[in-house]
Amino acid sequence: MMQSGVPPCTTCGEPVGFDSNGEVFVACHECNFPVCKSCLDYEIKEGRKVCLRCSTPYDESSTMADVETNQSSNHSTMAAHLNDAQDVGMHTRHVSTVSTVDSELNDDSGNPIWKNRVESWKDKKSKKKKATSKAKHEAEIPPEQQMEEKQSADAAQPLSTVVPLPRNKLTPYRGVIIMRLIILALFFHYRITNPVDSAYGLWLTSIICEIWFAVSWVLDQFPKWTPINRETFIDRLSARYEREGEPSELAAVDFFVSTVDPLKEPPLITANTVLSILAVDYPVDKVSCYVSDDGSAMLSFESLVETADFARKWVPFCKKFSIEPRAPEFYFSQKIDYLKDKIQPSFVKERRAMKRDYEEFKVRVNALVAKAQKTPEEGWTMQDGTAWPGNNPRDHPGMIQVFLGHSGAHDIEGNELPRLVYVSREKRPGYQHHKKAGAENALVRVSAVLTNAPFILNLDCDHYVNNSKAVREAMCFLMDPLVGQDVCYVQFPQRFDGIDRSDRYANRNTVFFDVNMKGLDGIQGPVYVGTGCVFNRQALYGYGPPNLPNLPKASSSSSSCSWCGCCSCCCPSKKPSKDLSEVYRDSKRDDLNAAIFNLKEIDNYDEHERSLLISQMSFEKTFGLSSVFIESTLMENGGVPESANSPILIKEAIHVISCGYEEKTEWGKEIGWIYGSVTEDILTGFKMHCRGWRSLYCMPLRPAFKGSAPINLSDRLHQVLRWALGSVEIFLSRHCPLWYGFGGGRLKWLQRMAYINTIVYPFTSLPLIAYCSLPAICLLTGKFIIPTLSNLASVWFLGLFISIILTSVLELRWSGVSIEDLWRNEQFWVIGGVSAHLFAVFQGFLKMVAGLDTNFTVTAKAADDGEFGELYMIKWTTLLIPPTTLLIINLVGVVAGFSDALNSGYEAWGPLFGKVFFAFWVILHLYPFLKGLMGRQNRTPTIVVLWSVLLASVFSLVWVKINPFVQKVDNSTIAQSCISIDC
Ligand SMILES: O=c1ccn([C@@H]2O[C@H](COP(=O)(O)OP(=O)(O)O[C@H]3O[C@H](CO)[C@@H](O)[C@H](O)[C@H]3O)[C@@H](O)[C@H]2O)c(=O)[nH]1
Ligand SMILES: [Mn+2]
Ligand SMILES: [Zn+2]
Ligand SMILES: [Zn+2]
């Protein structure tokens, strides 16, 4: 990807790429006009057979020679498509009558489905074994020899490499960290041995807070010890798995999109996400998109019907002109010169037509939204007059509808489209539905029954695919037999659209996504953040990784150990012996093998006995009562048998989303998304890491996915509250990283440290609040937490400040994060800390003590926000009280401090300086919060207001002090009364 010297294609802007000999691709040998292969193929297909620049005829033998285009007259009308869709799937109203289905299924010819599946599974398994051993063999022989052996060198090369940080950036960074640690120790030595007798309580409080801050710094800092970057080679991926003339061997991917409330999550946003998925640059028959509607809203369903129809025009347009991003709303709102690199003459015309079509689509969707604002008394009815089964979102049957796909409607050019499936799991009163985690688990099962792709990509409804090659990026890791084996997921960073330029509330979270996550990538892998993540399906089924991951051999591509990056913590010289969890895992695999073997042996038994056998194998206790699902889990490489007949499978899919399905199973406890926390993402990733899987972080230059974030203060605080509450829930659960998962010994200790950090951070709110009120208290009482400084003490203080600044600077240097982002992060750490985190701690304990359930308050997504109107909206919540109080007492403290100093003469100004400095530290951190409080009505910049209030008070005090009309005696009384009021 990153090769230099490869010119960009003049048509599409992508690098022109390489030909089969590994040389830069040349379309016209006459003038070397840079055009990539796909654009050239397109030109020829369109009948333009001469070079665009010099008009020399192209050498057609060098192209795919796929000239006869397949323009079959498969144009179907919208009505026809809808009928199609209903034939393939089942219409929801039929579906609504199905509650449970007999899971012993036969295909058309009467063969039990399980048998076909087992056969194909065994087939695939042996194939996979061969492939793996071949790849291993290749890795063992020296690379030079490999070159000779391989005709196509590209296909044998690794699909990704680890790019360690340059030594000159990493070494000083580590040096400063060690230095800071030493200074910290000396600092504490001084602080503890020098108590302030006049303010013992204050001193003790401040020491305790400081110790806690130091501990949380250590927890945050050391997981960043070995940050790494990775590079992928998508062209090698295609060279290996998409050879000309052969069917593509790329692995299939099931996309999950979750949505719950169409009023907070506008259907247009979800539609854009779905469209961007359907148009990804990946073989259509390998892509399926499952949309989970947790709100069972007819609005979501109907807008999906519209979306499926619009995709028939949108997808071919995207692919024809290779546009980015493939979410129409965001594509059309890009402020760039879209003609710059596109010289296909039809482009301008077709783009204009497409834009028009999209506007019409928007009008249709918005009409649906407008209609849905007021629910009719008798509930919603569908177009055919039957009642919508999901009218009561808390009590409704499971619903599934399949759109598009290979037997469904095709696009307007007659090509197949990816399959699109609407899923709304059954909800009944009295059943726990486990919020988002429950929805994802329902999708895991439905997709296993219908398509069973070996990989799963999950997205929030507002996170669209911004880079159509994102899946290929992930496959560079997952499909590489050397790298992918032990990888449970590939996480992409979350990137956002529509954030105010100064990112007032640190929505972008750059410090987390560009610093912490890169650090974790060098240990055992990034945490799962809930969206933009490609899973290995087997990892979701609770299995451990097939190999012991810490063999140094596996990291052939990098000099240091790619597993931990350091080579001391995880690569002992002697091979570790089998540990407990591995033995357990092996026995589990043996179980599976035994099951398969037995199934084969008992061919002549009847169906009933077979099903008994399956349940004996205890799979049902783990996975629930669906043998179709259980059999699908046995297929390590995914896929469903050809014989699979969809109406029967749809029935089974309905069965696996019924609300009782998970009872007495391991769903949410050991397999799938894990329940018990509103940040199910952290918990789910944590479980996988404990089993010994590793994860990878993938940051393509063009962000893979983009989402939206709450930009007004109250929504943002509520989001942070939910995250912190999720952490407290994990802290109080059996999955607390402080204690959980020591048995297997498969969680790296630095990784554990990072997980501990992600669950204890809400508790920092307590010392933070204390620390933020200290300066005010000091100013008001005239006491101070630090005794008069000696020279040595000043050295420690200064040293600490300098080392704090230095670590930040060096961190910024290797990560490329900007100083503004770092500062915003600091500020929001304080704002969130003194409000949301505090509430989270209390709510978490309330939940534990009183058994109250926590709820998942969905963040509202703005449909089309003009001018960040949202930013200035302020909804009053109790969350605002603690930071407001802190702000006020610190401001009052500064004023009182000045008045005190004025009254006590010039010797008081020295100590005042120290206290005011701390007060300003608090005020500066809370500044964005103050800005948020001011709202918009106030056009004067906040800083002006702030300064004017301060200065006004100070001057009035000075005036009082020197006012000739006031008697000397009055002065002291004023001062006294002032102080006593303030205290
Ligand atoms: O009962 C529910 C509640 C939520 N969701 C979905 O969960 C997603 C995330 O919700 P959102 O309100 O956008 O939360 P954020 O705070 O923006 O989400 C972040 O944090 C969550 C954990 O708190 C993760 O699940 C998300 O993936 C991550 O993006 C959305 O697609 C929702 O539709 C459901 O499907 N069912
Ligand atoms: Mn979100
Ligand atoms: Zn091109
Ligand atoms: Zn030419």
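Values in this document were obtained by computation on a predicted structure and should not be read as measured data. Remember, it's 1-based here, ligands and their atoms both numbered in the order they're listed.
Looking at atom 22 (C) of ligand 1, its nearest protein heavy atom turns out to be V678 O, 3.5 Å. When only non-hydrogen protein atoms are considered, atom 31 (O) of ligand 1 lies nearest to S258 O, 2.7 Å. Counting protein heavy atoms only, atom 17 (O) of ligand 1 is closest to Q719 NE2, 3.1 Å. Looking only at protein heavy atoms, the nearest one to atom 19 (C) of ligand 1 is W723 NE1, 3.7 Å. Looking only at protein heavy atoms, the nearest one to atom 24 (C) of ligand 1 is D681 OD2, 3.6 Å. In terms of protein heavy atoms, atom 8 (C) of ligand 1 is closest to D460 OD1, 3.5 Å. Looking only at protein heavy atoms, the nearest one to atom 4 (C) of ligand 1 is F856 CE2, 3.6 Å. Closest to atom 23 (O) of ligand 1 among all protein heavy atoms lies R722 NH1, 2.7 Å.
Those atoms of ligand 1 with a heavy atom of T259 less than 4.0 angstrom away are 33 (O). When each atom of ligand 1 is checked for a heavy atom of C461 under 4.0 Å away, the hits are 31 (O). Close approach of ligand 1 to G530 is summarised as follows: ligand atoms under 4.0 Å from at least one heavy atom of the residue are 27 (O).
Under the 4.0 angstrom criterion for non-hydrogen atoms, E440 is not in contact with ligand 1. Distances shorter than 4.0 angstrom occur between a heavy atom of E680 and an atom of ligand 1. Under the 4.0 angstrom criterion for non-hydrogen atoms, S292 is not in contact with ligand 1. For the pair V529 and ligand 1, a heavy-atom separation below 4.0 Å is found.
Salt-bridge check for E670 with R691: passed, with a basic side-chain N closer than 4.0 Å to an acidic carboxylate O. Salt bridge status for D460 with K436: present, with a side-chain N to carboxylate O gap under 4.0 Å. For the pair K435 and E680, the salt-bridge criterion is not met [side-chain N within less than 4.0 Å of a carboxylate O]. Contact check on D293 versus R425 returns no salt bridge, with no Lys/Arg side-chain nitrogen under 4.0 Å from an Asp/Glu carboxylate oxygen.
The only member of W693, Y541, Y528, F256 that meets ring pair (Phe, Tyr, Trp, His ring centres under 6.0 Å) when paired with F535 is Y528. With H837 as the partner, the ring pair (Phe, Tyr, Trp, His ring centres under 6.0 Å) test is satisfied by one option alone out of F763, W723, Y761: Y761.
Below 30°, between 30° and 60°, or above 60°: for W388 and F301 the angle between ring planes is between 30° and 60°, a tilted geometry.
Cation-pi geometry between R716 and F828 is met: under 6.0 angstrom from the ring centre, within 45 degrees of the axis. Judged by the 6.0 Å distance and 45° axis criteria, R445 is positioned over the aromatic ring of W667.
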**Message:** Determine whether Y290 and F255 satisfy the following criterion, ring-ring contact (aromatic ring centres under 6.0 Å, His included), listing intermediate values before the conclusion.
**Reply:** CA-CA 6 Å; Y290 293 84; F255 286 72; 9.9 Å; no
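Under the salt bridge (charged side-chain N to carboxylate O under 4.0 Å, His left out) criterion, the residue pairs touching residues 391-400 are D395-R428, with sequence neighbours excluded.
Between the choices K264, H463, K436, E265, the shortest heavy-atom distance to atom 32 (C) of ligand 1 belongs to E265. Around atom 36 (N) of ligand 1, the closest heavy atom drawn from D294, D293, T273, I269 belongs to D294.
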